[in-house]
Amino acid sequence: MYLDMSKYLDELKDILRPHLAKYGLKILPRGQSQFSLVRGSEIVMTIRDAQEVVELSYKQKKYSYDKWYTKPEHLAHTIINVLEAQEKQVSS
């Protein structure tokens with residue numbers, strides 16, 4: 001289990017990093033337990049480690065993922081799918 005907050009987020013960032021340029025996003029660290037995905041000065045998504053769960057804030061909604069079940073690679077896949085769907089909406 002991921003008890004070390006920064007380890008879970010570090011793994012998540014490492015998985016996301018190669019995909020972000022495609023969406024014009026960068027990682028903005030916000031303390032040890034959270035980071036945001038930003039496009040220019042706009043915060044697109046915030047990911048926060050809340051001990052037992054990881055909270056993802058996107059479009060004024062908050063989603064919680066249990067770290068027992070949601071490994072960093074699974075959450076990264078979810079985030080990339082959301083970004084991909086958003087990109088398709090913008091371009092259509």
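All values below come from the heavy atoms of this structure, side chains included, with hydrogens, waters and symmetry mates left out. Each residue takes its place number in the sequence, starting with 1.
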Separation of Leu56 CG from Leu12 CG (nearest 0.5 Å): 8.5 Å

His19 atom NE2, over 12 foreign heavy atoms within 6.0 Å: yes

Determine whether Leu25 and Ile80 fall in the same hydrophobic cluster, where Ile, Leu, Val, Met, Phe, Trp and Tyr are linked whenever their side-chain heavy atoms lie under 4.5 Å apart. yes

Considering only heavy atoms from C-beta outward, does the side chain of Thr78 approach that of Tyr63 to under 4.5 Å? no

For Ile27, side chain to side chain contact (heavy atoms under 4.5 Å, CB included) partners two or more places apart: Lys13, Arg17, Leu20, Phe35, Leu37

Report the residues that fulfil side chain to side chain contact (heavy atoms under 4.5 Å, CB included) with His74, sequence neighbours left out, ordered by chain and then residue number. Thr70, Lys71

Those residues that, when tested against Asp66, pass side chain to side chain contact (heavy atoms under 4.5 Å, CB included) (two or more places apart): Trp68, Tyr69

Show me, pair by pair, the donor-acceptor contacts under 3.5 angstrom made by side chains of residues 38-47, not counting sequence neighbours?
unit_1: Arg39; atom_1: NE; unit_2: Tyr23; atom_2: O; d: 3.1
unit_1: Arg39; atom_1: NH2; unit_2: Tyr23; atom_2: O; d: 2.9
unit_1: Thr46; atom_1: OG1; unit_2: Ser36; atom_2: OG; d: 3.0

Can you check whether Gln51's main-chain N or O pairs, donor with acceptor, with Lys67's side chain at less than 3.5 Å? yes

Residue list, salt bridge (charged side-chain N to carboxylate O under 4.0 Å, His left out) with Lys62, at least two apart or on another chain: Glu55

Not counting sequence neighbours, list each pair that qualifies as a salt bridge (charged side-chain N to carboxylate O under 4.0 Å, His left out) and has a residue in residues 19-36. Lys22-Glu84

Under a single-linkage definition using a 4.5 Å side-chain heavy-atom cutoff for Ile, Leu, Val, Met, Phe, Trp and Tyr, are Val82 and Ile15 assigned to the same hydrophobic cluster? no

Once you round to the nearest 0.5 Å, how far does OH of Tyr65 lie from CG of Leu75? 6.5 Å

